[in-house]
J.: 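Below you will find the structure I want to go over with you.
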Amino acid sequence: MTGHVPPPLRTPDPGEVRTSLPLAPTGGPPQLRADAARNRTRLLDAASRLLTGCGAANLTMESVAAAAGVGKGTVFRRFGDRAGLLLALLDHREEQLQAAFLSGPPPLGPGAPAAERLHAFGPAVLRHERDQHPLILASRTNPLRNYTVPAHHLRLSHITMLLRRAEVAGNPELLAHALLGSIDTALVHHLTQECGIPLERLEEGWHHLVTRLGATR
């Protein structure tokens, strides 16, 4: 049975730096001034430190303001509410992951063969998803929306590009969807926390999937 095959996505060049693609849909506010951007980063760094110590459930606007040494109103003006703060913090950490696989050192970043970069991508995202799981769940309101945000599109485009360059047989975009599904946040949490599977075994599973597709290190 045949079906409609969607046109390939425009995929980034391995050396192309395209960080700061947020988890929120496009069409947001204009880029901040340099001083405002520094203040925003200062608040997010304070929130990140608190998150490590108390978890997402106990992260409040008041605690972030106190940790950053500013008034509570400053935090509310910058992020709107707690949901906005959580999403901004998640974006902040997503940007760090994006920088690693778009412009960081090989084998995750440019400079390594496509197959090696593909093998490195899965473990990097697995560790990222495990560490950010409470924050990701706290910021999610609509599961279907997760497939439409720019950050997901960037990951999908990146894997699709690596599959093409590794000359893997099959539809690279559909394969990229399948690979991303295998390291989804909720699935990683279920397997590691509820089934007791070590993260190292999930990484081995990623390598096995990628090798079976024909991308051999």
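We count residues from 1, following the sequence as given.
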J.: Grab the two heavy atoms, one from Ala114 and one from Leu162, that are nearest each other, plus how far apart they are.
T.: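 Shortest heavy-atom separation between Ala114 and Leu162 comes out as CB-O, 3.6 Å.
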J.: If you define the side chain from C-beta out and look only at heavy atoms, does anything of Glu204 sit under 4.5 Å from His208?
T.: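 No, too far: nothing below the 4.5 Å cut-off.
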J.: For Pro110 versus Leu102, what's the shortest heavy-atom pair and its separation?
T.: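 Looking at all heavy atoms of both residues, the shortest contact is CG-O, 3.1 Å.
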J.: Any idea which heavy atoms bring Ala100 and Leu108 closest together, and the distance?
T.: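 Closest approach of Ala100 to Leu108, heavy atoms only: CB-CD2, 3.8 Å.
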J.: Where do His158 and Gln98 land on the side-chain contact (heavy atoms from CB on, under 4.5 Å) test, with the steps shown first?
T.: CA-CA 10 Å; His158 184 69; Gln98 291 171 3; over 6 Å; no
J.: Evaluate side-chain contact (heavy atoms from CB on, under 4.5 Å) for Leu156 paired with His177, printing each intermediate quantity in order.
T.: CA-CA 7 Å; Leu156 182 67; His177 276 290; 3.4 Å; yes
J.: Do Leu199 and Arg127 have side-chain heavy atoms sitting under 4.5 Å apart?
T.: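 Yes; the side chains approach each other to less than 4.5 Å.
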J.: Under 30°, 30 to 60°, or over 60°: which ring-plane class applies to Phe101 and Phe121, parallel, tilted or perpendicular?
T.: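 Ring orientation of Phe101 relative to Phe121: perpendicular.
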J.: Should the pair Arg217-Glu116 be classified as a salt bridge under the 4.0 Å nitrogen-to-oxygen rule?
T.: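 No.
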J.: Would you say Leu209 and Leu179 make side-chain contact, with heavy atoms under 4.5 Å?
T.: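 In short, these two side chains touch, coming nearer than 4.5 Å.
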J.: How far does CD1 of Ile159 sit from CG of Leu175, to the nearest 0.5 angstrom?
T.: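 These two atoms lie 10.5 Å from each other.
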J.: Identify the two heavy atoms, one from Ala88 and one from Arg40, that lie closest to each other, and give their separation to 0.1 Å.
T.: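 Between these two residues, the closest heavy atoms are CB-NH2, 3.5 Å.
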J.: Should Thr185 and Glu129 be marked as a side chain to side chain donor-acceptor pair (under 3.5 Å) after you check the CA-CA gap, both sets of side-chain angles, and the distance that decides it?
T.: CA-CA 5 Å; Thr185 305; Glu129 300 292 85; 2.4 Å; yes
J.: In plain terms, say whether Arg155 and Glu94 are close enough for a salt bridge, that is, a side-chain N and a carboxylate O under 4.0 Å apart.
T.: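 Salt bridge between Arg155 and Glu94, a charged N being under 4.0 Å from a carboxylate O: yes.
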J.: When you compare the side chain of Arg165 with that of Pro113, does any pair of heavy atoms fall below 4.5 Å?
T.: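 The answer is no; the side chains never approach within 4.5 Å.
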J.: Enter the distance from Thr211:OG1 to His207:NE2 here, rounded to the nearest 0.5 Å.
T.: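 So the gap between those two atoms works out to 8.0 Å.
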J.: Report the distance from atom CG of Leu51 to atom CG of Leu85, rounding to the nearest 0.5 Å.
T.: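 It comes to 9.5 Å.
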J.: Mind listing the closest non-hydrogen atom pair of Ser182 and Leu187 along with its distance?
T.: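 The pair with the smallest heavy-atom distance is O-CD2, 3.7 Å.
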J.: Measuring only between side-chain heavy atoms, which start at C-beta, is Phe79 closer than 4.5 Å to Leu89?
T.: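 Side chain of Phe79 against side chain of Leu89, heavy atoms only: no contact under 4.5 Å found.
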J.: Test Thr41 against Arg38 for side chain to side chain donor-acceptor pair (under 3.5 Å), laying out the working first.
T.: CA-CA 5 Å; Thr41 300; Arg38 285 193 296 270; over 6 Å; no
J.: Taking His119 for the side chain and Ala215 for the main chain, is one N or O donor matched with an acceptor at less than 3.5 Å?
T.: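 At least one qualifying donor-acceptor pair exists.
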J.: Side-chain donor-acceptor pair under 3.5 Å between Thr160 and Ser157, yes or no?
T.: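 No, no side-chain donor-acceptor pair sits under 3.5 Å.
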J.: Calculate, to the nearest 0.5 Å, the distance between atoms NE2 and CG belonging to His92 and Leu87 respectively.
T.: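 Answer for the NE2-CG pair, His92 versus Leu87, is 13.5 Å.
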J.: Quick one: does Leu213's side chain get under 4.5 Å of Leu118's, heavy atoms only?
T.: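 Result no, sub-4.5 Å side-chain heavy-atom pair not found.
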J.: Let me check something: any side-chain donor-acceptor pairs from residues 190-197 under 3.5 Å, sequence neighbours excluded? List them with distances.
T.:
residue: His190; atom: ND1; partner: Glu194; partner atom: OE1; Å: 2.9
residue: Thr192; atom: OG1; partner: Val188; partner atom: O; Å: 2.7

J.: Side-chain contact test, heavy atoms from C-beta onward, threshold under 4.5 Å: evaluate it for Arg130 versus Leu126 and give yes or no.
T.: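 With C-beta onward as the side chain, the pair stays apart.
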J.: Per the salt bridge (Lys or Arg N to Asp or Glu O under 4.0 Å) rule, what does the pair list look like for residues 42-53, sequence neighbours excluded?
T.: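 Listed once each, the pairs would be none.
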J.: Work out which heavy atom in Leu59 is nearest to a heavy atom in Ser63; give both atom names and the distance.
T.: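 Nearest pair, atom of Leu59 first, then Ser63: C-OG, 4.2 Å.
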